[in-house]
Engineer: 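I am attaching a structure below and will ask some questions about it afterwards.
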Amino acid sequence: DIQPRLFDWKEEEKGNNIFGFIAQELEKVMPTAVNSEGKVKAINVTSIVSVLVHSVQELKQELDLIKNG
(Lines give C-alpha, C1' and ligand atoms only; values in the text may rest on other atoms or scores of the structure.)
Protein backbone atom coordinates (compact mmCIF):
# COMPACT_ATOMS: atom_id res chain seq x y z
CA ASP A 1 0.00 0.00 0.00
CA ILE A 2 1.03 3.58 -0.58
CA GLN A 3 1.12 5.46 2.72
CA PRO A 4 1.01 9.26 2.79
CA ARG A 5 3.45 10.59 5.37
CA LEU A 6 4.07 13.80 7.28
CA PHE A 7 7.80 14.46 7.31
CA ASP A 8 10.59 17.00 7.66
CA TRP A 9 13.22 17.34 4.95
CA LYS A 10 16.79 16.69 6.04
CA GLU A 11 17.71 19.98 4.36
CA GLU A 12 15.93 22.60 6.48
CA GLU A 13 15.44 24.99 3.56
CA LYS A 14 13.13 22.46 1.88
CA GLY A 15 10.64 22.62 4.72
CA ASN A 16 9.07 20.78 7.60
CA ASN A 17 5.68 19.18 8.21
CA ILE A 18 5.37 18.22 4.53
CA PHE A 19 2.72 15.76 3.37
CA GLY A 20 3.96 13.36 0.75
CA PHE A 21 5.47 9.96 0.16
CA ILE A 22 8.79 8.39 1.07
CA ALA A 23 10.52 7.38 -2.16
CA GLN A 24 12.01 4.22 -0.67
CA GLU A 25 8.55 3.03 0.46
CA LEU A 26 6.86 3.96 -2.81
CA GLU A 27 9.58 2.22 -4.79
CA LYS A 28 8.54 -1.15 -3.29
CA VAL A 29 4.97 -0.73 -4.61
CA MET A 30 5.48 1.39 -7.74
CA PRO A 31 9.13 1.14 -8.82
CA THR A 32 8.49 3.04 -12.06
CA ALA A 33 7.28 6.06 -10.06
CA VAL A 34 10.71 6.57 -8.49
CA ASN A 35 13.74 7.94 -10.30
CA SER A 36 17.22 7.48 -8.89
CA GLU A 37 20.14 9.81 -9.48
CA GLY A 38 22.99 8.45 -7.43
CA LYS A 39 21.91 8.40 -3.79
CA VAL A 40 19.04 10.82 -4.42
CA LYS A 41 15.60 9.39 -5.19
CA ALA A 42 12.82 11.48 -6.70
CA ILE A 43 9.13 10.67 -7.06
CA ASN A 44 7.41 11.04 -10.42
CA VAL A 45 4.10 12.49 -9.23
CA THR A 46 2.49 12.11 -12.67
CA SER A 47 2.80 8.32 -12.34
CA ILE A 48 0.97 8.38 -9.01
CA VAL A 49 -1.78 10.69 -10.28
CA SER A 50 -2.40 8.44 -13.28
CA VAL A 51 -2.88 5.40 -11.05
CA LEU A 52 -5.13 7.37 -8.68
CA VAL A 53 -7.35 8.62 -11.51
CA HIS A 54 -7.71 5.09 -12.86
CA SER A 55 -8.61 3.80 -9.38
CA VAL A 56 -11.24 6.52 -8.91
CA GLN A 57 -12.74 5.68 -12.31
CA GLU A 58 -12.97 1.99 -11.36
CA LEU A 59 -14.60 2.86 -8.03
CA LYS A 60 -17.11 5.11 -9.78
CA GLN A 61 -18.06 2.29 -12.16
CA GLU A 62 -18.58 -0.05 -9.22
CA LEU A 63 -20.65 2.54 -7.37
CA ASP A 64 -22.78 3.16 -10.48
CA LEU A 65 -23.44 -0.59 -10.75
CA ILE A 66 -24.51 -0.76 -7.12
CA LYS A 67 -26.75 2.30 -7.45
CA ASN A 68 -28.40 1.11 -10.64
CA GLY A 69 -28.84 -2.45 -9.43
Engineer: Would you name the heavy atoms of Phe21 and Ile2 that are closest together and state the gap between them?
Structural biologist: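 Smallest interatomic distance, heavy atoms only, reads CE2-CG2, 3.1 Å.
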Engineer: Return the CD to CD1 distance between Gln24 and Ile43, rounded to the nearest 0.5 Å.
Structural biologist: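 So the gap between those two atoms works out to 8.5 Å.
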Engineer: Taking atom CD of Gln3 as the centre, does the number of heavy atoms from other residues, nucleotides or ligands within less than 6.0 Å exceed 12?
Structural biologist: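 Check passes, neighbour count above 12.
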Engineer: Rounded at 0.5 Å granularity, tell me how far NZ in Lys14 sits from CG in Asp8.
Structural biologist: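 Lys14 NZ to Asp8 CG: 13.5 Å, rounded to 0.5 Å.
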Engineer: Give a yes or no on this: more than 12 heavy atoms of other residues, nucleotides or ligands lie within 6.0 Å of atom CD of Glu37.
Structural biologist: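 Counting other residues, nucleotides and ligands, CD of Glu37 stays at 12 neighbours or fewer.
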Engineer: Using salt bridge (Lys or Arg N to Asp or Glu O under 4.0 Å) as the criterion, list what pairs up with Asp1, not counting sequence neighbours.
Structural biologist: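 Per chain and number, Asp1 pairs via salt bridge (Lys or Arg N to Asp or Glu O under 4.0 Å) with no residue.
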Engineer: Taking Leu52 as the starting point, is it possible to reach Met30 by hopping between hydrophobic residues whose side chains are less than 4.5 Å apart?
Structural biologist: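 Result: yes, single cluster for both.
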Engineer: Please evaluate residues Leu26 and Ile48 with respect to the criterion side chain to side chain contact (heavy atoms under 4.5 Å, CB included), reporting the C-alpha separation (whole Å), side-chain torsions for both, the decisive distance (0.1 Å), and the verdict.
Structural biologist: CA-CA 10 Å; Leu26 181 62; Ile48 298 171; 3.5 Å; yes
Engineer: What distance separates Ser47 OG from Asn35 CG, expressed to the nearest 0.5 Å?
Structural biologist: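 Taking OG in Ser47 and CG in Asn35, the distance rounds to 7.5 Å.
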Engineer: Could you tell me the separation between the CD atom of Gln61 and the CD1 atom of Ile66, rounded to the nearest 0.5 Å?
Structural biologist: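 Here the interatomic distance stands at 12.0 Å.
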Engineer: Output the distance between atom CZ (Phe19) and atom CZ (Arg5), rounded to the nearest 0.5 Å.
Structural biologist: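 Answer rounded to 0.5 Å: 12.0 Å.
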Engineer: Quick one: CD on Glu25 to NZ on Lys41, what's the gap to the nearest 0.5 Å?
Structural biologist: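 Nearest 0.5 Å value for the CD-NZ distance: 12.5 Å.
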